[in-house]
Student: 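Okay, here's the structure, questions in a sec.
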Amino acid sequence: MKQINILFLGGAKRVSMARLFKDAGRKLGLQVGIFGYELDKRVPLAAEGEIVIGRRWKDADLYDHLAETVDEFGIDIIVPFVDPAVAVAAKFQELRPDVFAATSTAQLSEAMFDKTVADSIFRNKKIPVPEPISSSSPKFPFIAKPRKGSASKGIAIVRNEADMAGRLFPEDVYLLQEYVEDADEYTVDCYVGRDGQVLGVVPRRRIEVTGGEVSVTETVRNIALMNLSAEVLTKIGFTGPVTLQFLHDKRRKRFLLMEINPRLGGGAVCSVYAGADIPMWILQEALGIKPSPAFDWKDKMRMTRYMQEVMFLVDDIL
């Protein structure tokens with residue numbers, strides 16, 4: 001059985017996704033090896049693969065060390081799971097085109113992780129987004145988001161002048177937008193092939209969030225949201241796994257794009273089980289096999305998370 005090795009960048013907790021990659025490999029007659037690039041060997045992913053002690057994302061020798069890791073362990077595919085790793089994976093593929101990186105371009109990825117730059121791109125492409133707010137003459141209520149924040153860290157909701165008192169939200173640090181009071185949050189897990197074909201679009205309702213990551217979610221076959229998501233992917237030119245975040249303004253009956261993460265989202269496992277086999281598509285593209293799109297996924301597939309322990313004795317799994 002042919003061996004193919006995958007390096008997870010920042011995928012310390014992505015045990016379920018590692019198992020799904022192995023399942024997809026078996027369907028293709030492959031033995032999939034999982035490796036994790038981390039700062040500590042004692043992470044949950046060690047239950048499904050080998051952990052490589054790596055560098056920090058801004059270290060000067062990061063790319064040299066990644067190249068050494070790729071060569072030493074025979075890595076064929078790189079999959080990023082955290083924001084800083086996305087552009088790293090894309091840039092590394094430019095240096096090493098023999099390694100398949102499941103990403104969009106480095107330039108596009110970096111643009112998406114600056115909320116102000118991303119918002120400007122969305123507006124230029126005529127994509128519906130929340131109304132912009134000026135810090136000099138604010139319209140209440142509004143939401144202030146750190147331009148380069150993630151996982152909802154540093155976000156402030158300002159409802160009136162009293163909330164504003166003594167607080168500064170400079171527009172070179174924050175993106176200010178209207179705050180939609182009566183809204184539901186949706187995540188859309190997507191995959192776009194290297195040829196630009198949209199292979200899968202699966203909306204999920206975010207039912208419960210713990211620590212900035214979804215813990216209960218359910219697929220929703222909303223045709224309007226699926227069509228809007230496909231339009232966004234095509235207009236901006238993404239490839240690989242992409243996670244879109246939308247608000248549904250129930251009062252005004254509109255979907256508003258909040259942000260795009262050009263990587264696998266934490267709840268993408270739900271969409272894979274529903275029928276959008278993203279690990280399979282990544283393996284197929286890496287092998288030069290043209291994937292088939294899947295839009296017949298299961299509606300109302302619910303995922304709920306629980307905690308499970310992985311035990312270590314020094315660096316060894318018990």
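Residue numbers run from 1 in the order of the sequence given.
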Student: Among all residues two or more places apart in sequence or in another chain, which pass the salt bridge (charged side-chain N to carboxylate O under 4.0 Å, His left out) test with Glu285?
Tutor: none
Student: For the atom pair OG (Ser104) and CZ (Arg263), what is the distance rounded to the nearest 0.5 Å?
Tutor: 12.5 Å
Student: Testing the basics here: between Leu233 and Cys190, what is the closest heavy-atom pair and its distance to 0.1 Å?
Tutor: CD1-CB, 3.6 Å
Student: More than 12 non-hydrogen atoms from neighbouring residues, nucleotides or ligands closer than 6.0 Å to OH on Tyr63, yes or no?
Tutor: yes
Student: Considering residues at least two apart in sequence or located in another chain, which fulfil the side-chain contact (heavy atoms from CB on, under 4.5 Å) criterion with Glu218?
Tutor: Arg205, Ile207, Lys300, Arg302
Student: Are any of the side-chain nitrogens in Lys148 or Asp83 under 4.0 Å away from the carboxylate oxygens of its partner?
Tutor: no
Student: Under 4.5 Å between side-chain heavy atoms, hopping through other hydrophobics if needed: is there a path connecting Leu28 to Val32?
Tutor: yes
Student: With no hydrogens and no angle check, just 3.5 Å: does a side-chain donor-acceptor pair link Gln177 and Lys145?
Tutor: yes
Student: Membership question, hydrophobic clusters at under 4.5 Å side-chain separation (ILVMFWY): are Leu176 and Phe122 in the same one?
Tutor: no
Student: Given side-chain contact (heavy atoms from CB on, under 4.5 Å), test Lys290 with Gln284 step by step and report yes or no.
Tutor: CA-CA 7 Å; Lys290 183 172 175 57; Gln284 288 176 324; over 6 Å; no
Student: More than 12 non-hydrogen atoms from neighbouring residues, nucleotides or ligands closer than 6.0 Å to CD on Gln107, yes or no?
Tutor: no
Student: Under the salt bridge (Lys or Arg N to Asp or Glu O under 4.0 Å) rule, what pairs show up with a residue in residues 181-193, not counting sequence neighbours?
Tutor: Arg159-Glu181, Asp182-Lys250, Asp184-Lys250, Glu185-Arg206, Asp189-Arg204
Student: Among residues two or more places apart or on two chains, list those pairs meeting salt bridge (Lys or Arg N to Asp or Glu O under 4.0 Å) that have a residue in residues 130-143.
Tutor: Glu131-Lys139
Student: Quick one: closest heavy-atom pair of Trp297 and Arg221, and the distance?
Tutor: O-NH2, 2.5 Å
Student: Enter the distance from Ile77:CD1 to Leu283:CG here, rounded to the nearest 0.5 Å.
Tutor: 5.0 Å
Student: Might you point out which heavy atoms bring Arg147 and Asp114 nearest each other, and give the distance in Å?
Tutor: NH2-OD2, 2.7 Å
Student: What's the shortest heavy-atom distance between Asn261 and Gln245, and which atoms?
Tutor: ND2-NE2, 4.3 Å
Student: Within the 4.5 Å heavy-atom criterion, are Ile143 and Glu178 side-chain neighbours or not?
Tutor: no
Student: Do Thr103 and Pro80 make a side-chain contact, defined as non-hydrogen atoms from C-beta onward lying under 4.5 Å apart?
Tutor: yes
Student: Does the side chain of Val269 reach to within under 4.5 Å of the side chain of Leu20, using non-hydrogen atoms?
Tutor: yes
Student: How close do Phe312 and Lys41 get, heavy atom to heavy atom, and via which atoms?
Tutor: CE2-O, 3.9 Å
Student: Quick check: do Ile53 and Tyr37 have side-chain heavy atoms less than 4.5 Å from each other?
Tutor: no
Student: Mind checking what makes side-chain contact (heavy atoms from CB on, under 4.5 Å) contact with Arg56, not counting sequence neighbours?
Tutor: Leu39, Asp59
Student: Any side-chain donor-acceptor pair under 3.5 Å between Lys22 and Gln31?
Tutor: no
Student: Do Ile260 and Leu108 share a hydrophobic cluster (ILVMFWY, side-chain heavy atoms under 4.5 Å, transitive)?
Tutor: yes
Student: For the CE atom of Met112 and the CG atom of Asp119, what is their distance to the nearest 0.5 Å?
Tutor: 10.0 Å
Student: Is any side-chain heavy atom of Leu9 less than 4.5 Å from a side-chain heavy atom of Val79?
Tutor: no
Student: Could you work out, with salt bridge (charged side-chain N to carboxylate O under 4.0 Å, His left out) as the rule, every residue matching Asp76, not counting sequence neighbours?
Tutor: none
Student: If you measure from CD1 on Ile236 to NZ on Lys125, what distance do you get to the nearest 0.5 Å?
Tutor: 7.5 Å
Student: How many angstroms lie between atom CG of Leu256 and atom CD1 of Ile127, to the nearest 0.5 angstrom?
Tutor: 12.0 Å
Student: Do Thr219 and Pro203 have side chains that get closer than 4.5 Å, going by heavy atoms?
Tutor: no
Student: Atom CD1 of Ile34 and atom CG of Asn5: how far apart are they, to the nearest 0.5 Å?
Tutor: 8.5 Å
Student: Is there a path from Leu199 to Tyr273 through hydrophobic residues (I, L, V, M, F, W, Y) whose side chains come within less than 4.5 Å of each other?
Tutor: yes
Student: So, using ring-ring contact (aromatic ring centres under 6.0 Å, His included) as the criterion, who are the partners of Phe246 when residues are at least two apart?
Tutor: none
Student: Can Trp57 and Val82 be said to form a side-chain contact (heavy atoms from CB on, under 4.5 Å), step by step?
Tutor: CA-CA 11 Å; Trp57 307 125; Val82 293; 4.0 Å; yes
Student: For the residue pair Phe255 and Tyr186, categorise the inter-ring angle as parallel (less than 30°), tilted (30 to 60°) or perpendicular (more than 60°).
Tutor: perpendicular
Student: Judged by atom type as modelled, is there a donor-acceptor pair below 3.5 Å linking the side chain of Thr243 to the main-chain atoms of Gly265?
Tutor: yes
Student: Is Asp23 paired with Lys27 through a side-chain N to carboxylate O contact shorter than 4.0 Å?
Tutor: no
Student: Go through it in stages, so that I can follow the logic: the residues are Met258 and Leu244, the test is side-chain contact (heavy atoms from CB on, under 4.5 Å), and I'd like the CA-CA distance, side-chain angles, deciding distance and then a yes or no.
Tutor: CA-CA 8 Å; Met258 302 301 292; Leu244 311 180; over 6 Å; no
Student: Is any side-chain heavy atom of Val202 closer than 4.5 Å to a side-chain heavy atom of Val188?
Tutor: no
Student: Which pairs, with at least one residue in residues 84-95 and sequence neighbours excluded, count as a salt bridge (Lys or Arg N to Asp or Glu O under 4.0 Å)?
Tutor: Lys91-Glu110
Student: Quick one: side chains of residues 275-282, donor-acceptor pairs under 3.5 Å with protein atoms, not counting sequence neighbours, listed by atom name and distance.
Tutor:
from   : atom 1 : to     : atom 2 : distance (Å)
Asp277 : OD1    : Met280 : N      : 3.2
Trp281 : NE1    : Ser292 : O      : 3.1

Student: Sorted by first residue and then second, give each ring-ring contact (aromatic ring centres under 6.0 Å, His included) pair with at least one member in residues 4-32; sequence neighbours left out.
Tutor: Phe8-Phe21, Phe8-Phe81
Student: Side-chain heavy atoms nearer than 4.5 Å, only ILVMFWY residues, links allowed to pass through others: does that put Leu247 and Val209 together?
Tutor: no
Student: Can a donor-acceptor pair be found, under 3.5 Å and without considering hydrogens, that links the side chain of Ser215 to the backbone of Glu208?
Tutor: yes
Student: Check Ile75 against Phe35 and note the closest heavy-atom contact, atom names and distance.
Tutor: CD1-CD1, 3.7 Å
Student: For Phe92, check ring-ring contact (aromatic ring centres under 6.0 Å, His included) against everything at least two apart and list the hits.
Tutor: none
Student: With no hydrogens and no angle check, is any side-chain donor or acceptor of Glu231 less than 3.5 Å from a backbone partner on Met226?
Tutor: no
Student: State which residues pass ring-ring contact (aromatic ring centres under 6.0 Å, His included) with Tyr174; sequence neighbours excluded, sorted by chain then number.
Tutor: Phe169
Student: Please answer whether the main-chain N or O of Asp61 pairs with a side-chain N or O of Arg55 as donor and acceptor at a distance below 3.5 Å.
Tutor: no
Student: Show the numbers, then the answer: is there a side-chain contact (heavy atoms from CB on, under 4.5 Å) between Thr234 and Val192?
Tutor: CA-CA 9 Å; Thr234 302; Val192 184; over 6 Å; no
Student: Can you tell if the side chain of Ile51 reaches within under 4.5 Å of the side chain of Val43, non-hydrogen atoms only?
Tutor: yes
